[in-house]
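Here the structure is a predicted model, which means the values were calculated and not measured.
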Amino acid sequence: MTAAQRLRLGLLLSVVLVAALAVGAGLVRAAFYTEPAAGAAGTAPQAAGQVIPAGTTGQCAGQPATATRELRGMWLTTVYNIDFPSKQGLGEAQVKAEYLKWLDLAVAQNHNAIFVHVRPSGDAFWPSAYAPWSNWLTGRLDGKSPGWDPMAFMVAEAHARGLEFHAWFNPYRGTQPAPSGAGTDLTKLAPNHPLRLHPEWRIAYPAKSKQGRLYFDPGIPAARKFVEDSMLEAVQKYDVDGVHFDDFFYPYPEEGQDFPDKASFAKYGAGKSKGDWRRDNVNVLVREMHERLQALKPWVSFGISPFGIWRNKSSDAGGSATNGLESYDAIYADTRTWVREGWLDYIVPQLYWTIGFAKADYAKALPWWVQTVKGTKVQLYIGMGDYRVGEKGDWSDPAALDRQMALNRKYGVQGEVHFSAASVRDDKRGAISRYRKAYYASPALPPRMDRRVAPAPPTPQLTAGLRGTSGQLVLTAAGLASTNWALYRTTGGPATLVSTGRTGAEITDPHPAANATYCLSAVDRSGNESPLSAGYAAPTA
């Protein structure tokens, strides 16, 4: 759907919403609205605290109100301490302080989500009945507790800043290579490690290699259910907004070695080819996670960030105009089926290639993904390769990411996730500052989840405003009964979104303008937004 089509559809839905609310109090207030007399910037001056009647979802104090709808986030990677914590074995206070700095970065970038690596390899960043504590946190492989609950802290602090928290899991990796991880050395596994307790689930790959890992065998139903249970435990215990997988299912191929799952294939293959059987094993994991999430917490989003090529056109007429590794054949990830079957809420293909790259041209891979999600209820976000900025060739140009994000908007992509947080922080060659100025200059609301369209939440009301010690405007509200809020501001022209947050967090405009009028909306967990409140003319001092 093009931007123009989405705009027309949004206007149509607004008209329908207005009609549906015609008997409600919101439009009773709107019916008594009187257009202000012409003055500076088209409006008459307003006394501090004056209340202007409410309008519709897209109107604040008689002015059209707009907010960008797109997901913006970054991956906060814990494996090998790529991003966080900065090293293993840090104390609670330092880990917390580091995490808060990452959230500060997300807020400064006008992100609205963070993707945190909480199960990088069969371990956990929370007290789990299914997995040992992560050595990337504790600095030990013995599985012993650090004495506090990082997950509870991380979720709460993200929400306090209006950020969605997507818990990022790796389903099947059980260890990471030595010496930082246990590798394939069973003696290094924690006593409660599930692959120590269930040797029948365990596969070492690649064999006799310093890069060897232990995996849960995806072909064994009991192992698959266990890894599902271990991830859903976190969903049950914590108020996460999303469950997120990256591209690791069956491992990427090693030359001359096949993944040694002959025993489980013989037992469970049911006459299929090995490739079809492996793809079906991954499909079952994805489908079951979708179904179980729906039963457990249907408001939690489920998304996957796969390798950016499903199949090449040379292998399949339905494939992309690319010539690279094919996830369908190499790692048995049938990404197109996941989208077509509606097993996901969003998909984030990793398009870590420049425009014009011969094997996988961003400008050719992107339209394929746009076409793949078309007509489904799966949102398309793009995994952006911020980490590649500064490499030789096309990546030496700091405008490379800009050009990609311009294409994203041309094709109606609904957001981006950036790999990784350290690259966003480091801002090599000013590339991140460049795209922030061009595309993330003001806040944005996450897209509505198409499968979870619901009646709009009740409209809240702004009741008072005070200037804070740092010059910010702090507002109070009544009737805010939804999960999130969105604050709009007009100074006589169109109203724009100035801040968002979780209900219970302070409602602020960090940089208030003179003669501003504010309107507040309530936003539910699926992105459905209430009509805007009556306008509140803020005090000037």
Near-ring test Tyr99/Phe84, centroid separation under 6.0 angstrom: yes
With a 3.5 Å distance limit and no angle check, can you tell me whether Arg448 reaches the backbone of Asn528 through a side-chain donor-acceptor pair? no
Candidate pair Asn312 and Thr322, rule side chain to side chain donor-acceptor pair (under 3.5 Å), full reasoning: CA-CA 5 Å; Asn312 299 312; Thr322 51; 2.7 Å; yes
Quick check: do Pro150 and Trp126 have side-chain heavy atoms less than 4.5 Å from each other? no
Side-chain heavy-atom pair Ile304, Trp343 within 4.5 angstrom cut-off: no
How about Asp524 and Thr483: does a side-chain donor come under 3.5 Å of a side-chain acceptor? no
Summary of side-chain hydrogen bond (donor to acceptor under 3.5 Å, both in side chains) pairs that have at least one residue in residues 351-366, sequence neighbours excluded: Thr354-Asp394, Tyr362-Asn408
Quick one: do Asp83 and Arg425 make a salt bridge, cutoff under 4.0 Å? no
Has the side chain of Thr66 got a donor or acceptor atom that lies under 3.5 Å from a matching backbone atom of Thr496? no
Just wondering, do Arg403 and Leu401 contact through their side chains at under 4.5 Å, heavy atoms? no
Looking at Thr78 and Asn81, would you say the former's side chain and the latter's main chain have a donor-acceptor pair under 3.5 Å? no
Quick one: closest heavy-atom pair of Glu70 and Tyr439, and the distance? OE2-O, 3.8 Å
What's the shortest heavy-atom distance between Ala106 and Leu163, and which atoms? CB-CD1, 3.9 Å
With Glu416 as reference, evaluate Arg436, Arg72, Arg409 under the salt bridge (Lys or Arg N to Asp or Glu O under 4.0 Å) test and give the passing residue. Arg409
Is there a side-chain contact between Leu380 and Pro349, using heavy atoms and a 4.5 Å cut-off? yes
Please tell me if the side chains of Leu293 and Trp299 come closer than 4.5 Å, counting only heavy atoms from C-beta onward. no
What are the two closest non-hydrogen atoms of Val116 and Phe165, and how far apart are they? CG2-CE1, 3.5 Å
Taken to the nearest 0.5 Å, the spacing of Ile114 CD1 from Glu157 CD works out to 11.5 Å
Salt bridge check: are Arg388 and Glu391 linked by an N-O gap of less than 4.0 Å? yes
Flag, side chain of Tyr381 to backbone of Val413, donor-acceptor distance under 3.5 Å: no
Does any non-hydrogen side-chain atom of Pro64 lie less than 4.5 Å from one of Pro494? yes
Separation of Asn170 CG from Arg119 CZ (nearest 0.5 Å): 7.5 Å
Please report the shortest heavy-atom distance between Ser521 and Leu480, naming the atom on each side. O-CD1, 4.5 Å
Separation between CD (Gln94) and CD (Glu98), nearest 0.5 Å, reads 5.0 Å
Any donor-acceptor pair under 3.5 Å from Thr459 side chain to Pro531 backbone: yes
Would you call Glu164 and Arg525 a salt bridge, taking side-chain N to carboxylate O under 4.0 Å as the test? no
Taking C-beta and beyond as the side chain, do Val118 and Trp168 meet within less than 4.5 Å on heavy atoms? no
Strictly by modelled atom types, are Asp246 and Ser305 linked by a side-chain donor-acceptor pair under 3.5 Å? no
Non-hydrogen atoms of Arg451 and Lys377 that approach each other most closely: CA-CD, 4.0 Å
Run the side-chain contact (heavy atoms from CB on, under 4.5 Å) test on Thr517 and Arg489 for me, step by step, so that the C-alpha distance in whole Å, both residues' side-chain angles and the decisive distance to 0.1 Å come before the verdict. CA-CA 6 Å; Thr517 298; Arg489 182 182 71 200; over 6 Å; no
Partner of Trp75 under side chain to side chain donor-acceptor pair (under 3.5 Å), picked from His418, His244, His117, is His244
Looking at Lys297, I want to see if its NZ is surrounded by more than 12 non-hydrogen atoms of other residues, nucleotides or ligands under 6.0 Å. yes
Step through the shown structure and confirm whether more than 12 heavy atoms of other residues, nucleotides or ligands are within 6.0 Å of NZ on Lys437. no
Beyond-backbone contact of Phe419 with Asp386, side-chain heavy atoms, under 4.5 angstrom: no
Ignoring hydrogens and angles, state whether a donor on the side chain of Ser433 or Asp427 is under 3.5 Å from an acceptor on the partner side chain. yes
Scanning both residues in full, the closest heavy-atom pair of Leu71 with Ala113 reads CD1-CB, 4.1 Å
Students often mix this up, so state it plainly: with edges at 30° and 60°, are the rings of Tyr80 and Trp136 parallel, tilted or perpendicular? tilted
Backbone N or O of Trp395 within a donor-acceptor pair of the Asp397 side chain at under 3.5 Å? no
Any chance you could lay out the salt bridge (charged side-chain N to carboxylate O under 4.0 Å, His left out) test for Asp509 and Arg467, step after step, and finish with the verdict? CA-CA 10 Å; Asp509 179 357; Arg467 294 284 178 160; over 6 Å; no
Give a yes or no on whether the backbone of Gly308 and the side-chain of Trp369 come within a donor-acceptor separation of less than 3.5 Å. yes
Determine whether a donor-acceptor pair (N or O, by modelled atom type, separation under 3.5 Å) exists between the side chain of Asp345 and the backbone of Val378. no
Could you measure the distance from the OH atom of Tyr518 to the OG1 atom of Thr491? Nearest 0.5 Å is fine. 9.5 Å
For Leu487, run the side chain to side chain contact (heavy atoms under 4.5 Å, CB included) check against Thr508, Leu475, Thr500 and tell me which one passes. Leu475
For Ala505, is there any backbone N or O sitting under 3.5 Å from a side-chain donor or acceptor partner on Arg161? no
Using ring pair (Phe, Tyr, Trp, His ring centres under 6.0 Å) as the criterion, point out the one residue from Phe249, Tyr328, Phe245 that pairs with Trp338. Phe249
Does Ala363 offer a backbone N or O that forms a donor-acceptor pair with the side chain of Gln404 under 3.5 Å? no
Classify the side-chain pair Ser533/Gln461 by whether it contains a donor and acceptor separated by less than 3.5 Å. no
